[in-house]
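Predicted model only: the values in this text are computed from it and were never measured. By convention here, the first residue in the shown sequence is residue 1.
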Amino acid sequence: MNTTGTTQAPAELDCTLAMICPDNSMMNARLFKGDTVFIREQSEVDNGTVVAIMTDKGLVLRRVYLHDEYMELRPENPTFPTASYHQSEVEIIGEAVGFMSTTI
């Protein structure tokens with residue numbers, strides 16, 4: 001993962017890293033391209049959680065749904081497709097725990 005700067009997270013957030021939202025795939029969850037999303041690094045997450053996850057497409061934000069042999073990565077924008085991956089094909093970076101928006 002590349003890093004390109006630093007930001008100060010709100011003190012009340014339990015987060016270990018931040019990322020810039022790369023696209024509008026999560027816009028219906030109020031996460032827009034360019035927003036700063038605060039991530040708590042953890043490899044295990046609950047179904048329906050918004051996560052930062054490394055895929056063959058790079059680092060993305062999606063709602064994750066875990067199944068026995070695969071996981072579903074669902075966007076919050078109907079113009080983006082849902083993707084399915086075998087759990088060994090992706091790496092969960094962590095759960096999104098907050099954000100700072102650039103959109104008014």
Side-chain angles (χ1 to χ4, degrees):
M1 181 175 357
N2 294 331
T3 57
T4 58
T6 62
T7 188
Q8 185 68 36
E12 65 275 6
L13 288 182
D14 177 19
C15 68
T16 48
L17 61 94
M19 68 178 282
I20 302 299
C21 190
D23 56 34
N24 283 320
S25 63
M26 297 300 290
M27 65 186 267
N28 290 342
R30 181 76 181 80
L31 299 172
F32 295 92
K33 182 176 183 176
D35 288 352
T36 301
V37 182
F38 298 104
I39 307 296
R40 180 178 49 238
E41 290 178 281
Q42 60 189 64
S43 58
E44 294 184 18
V45 295
D46 294 328
N47 280 337
T49 304
V50 176
V51 299
I53 190 162
M54 186 62 73
T55 71
D56 58 343
K57 308 264 191 274
L59 186 62
V60 299
L61 290 166
R62 296 289 188 274
R63 285 203 189 275
V64 66
Y65 293 90
L66 306 168
H67 302 277
D68 289 337
E69 296 296 321
Y70 69 99
M71 67 176 67
E72 245 180 290
L73 303 180
R74 294 186 198 164
E76 288 284 337
N77 180 337
T79 65
F80 284 74
T82 295
S84 294
Y85 288 93
H86 190 275
Q87 294 184 19
S88 65
E89 296 175 313
V90 295
E91 178 188 1
I92 295 173
I93 304 301
E95 179 179 348
V97 295
F99 70 97
M100 286 190 317
S101 183
T102 58
T103 305
I104 297 177

d(T16 OG1, I93 CD1) to nearest 0.5 Å is 10.0 Å
*ILVMFWY cluster, Y65 and I92 together (side-chain gap under 4.5 Å)*: no
What one should report as the nearest heavy-atom pair of R63 and G48 is NH1-O, 2.7 Å
To the nearest 0.5 Å, atom CG of L61 lies from atom CG of D23 at 8.0 Å
key: Any donor-acceptor N/O pair, Q87 side chain to H67 backbone, under 3.5 Å   = yes
Original post:
Does CG in D56 sit with more than 12 non-hydrogen atoms of other residues, nucleotides or ligands closer than 6.0 Å?
Top reply: yes
dist M27:CE -> T79:OG1 (nearest 0.5 Å) comes out at 7.5 Å
- Item | Student check: side-chain heavy atoms of E41 and L17 closer than 4.5 Å | yes
dist Y70:OH -> E89:CD (nearest 0.5 Å) comes out at 13.0 Å
Note, M26 side chain near F80 side chain (heavy atom, < 4.5 Å): no
d(N28 CG, N77 CG) to nearest 0.5 Å is 6.0 Å
Heavy-atom nearest pair, S25 first then P75, reads O-CB, 3.4 Å
Note to self: Assigning hydrophobic clusters by single linkage (Ile, Leu, Val, Met, Phe, Trp, Tyr; side-chain heavy-atom cutoff under 4.5 Å), is L31 placed with M54?
What the structure shows: yes
Nearest heavy-atom approach of A96 to I39 is CA-CD1, 3.8 Å
Residues S84 and E72: closest non-hydrogen pair is OG-CG, 3.9 Å
Next item on the list: Using modelled atom types only, decide if a donor and an acceptor are shared between the side chain of D35 and the backbone of C21 within a distance under 3.5 Å.
Entry: no
Between F32 and N24 the two heavy atoms that sit nearest each other are CA-OD1, 3.5 Å
Smallest heavy-atom separation, M71 atom then V64 atom, equals SD-CG2, 3.9 Å
query: Within 45 degrees of the axis of the six-membered ring of F99 and under 6.0 Å from its centre: does R30 put its NZ or CZ there?
result: no
With sequence neighbours left out, the residues meeting side-chain contact (heavy atoms from CB on, under 4.5 Å) with T55 are I53, K57, V60, L73, Y85, V90
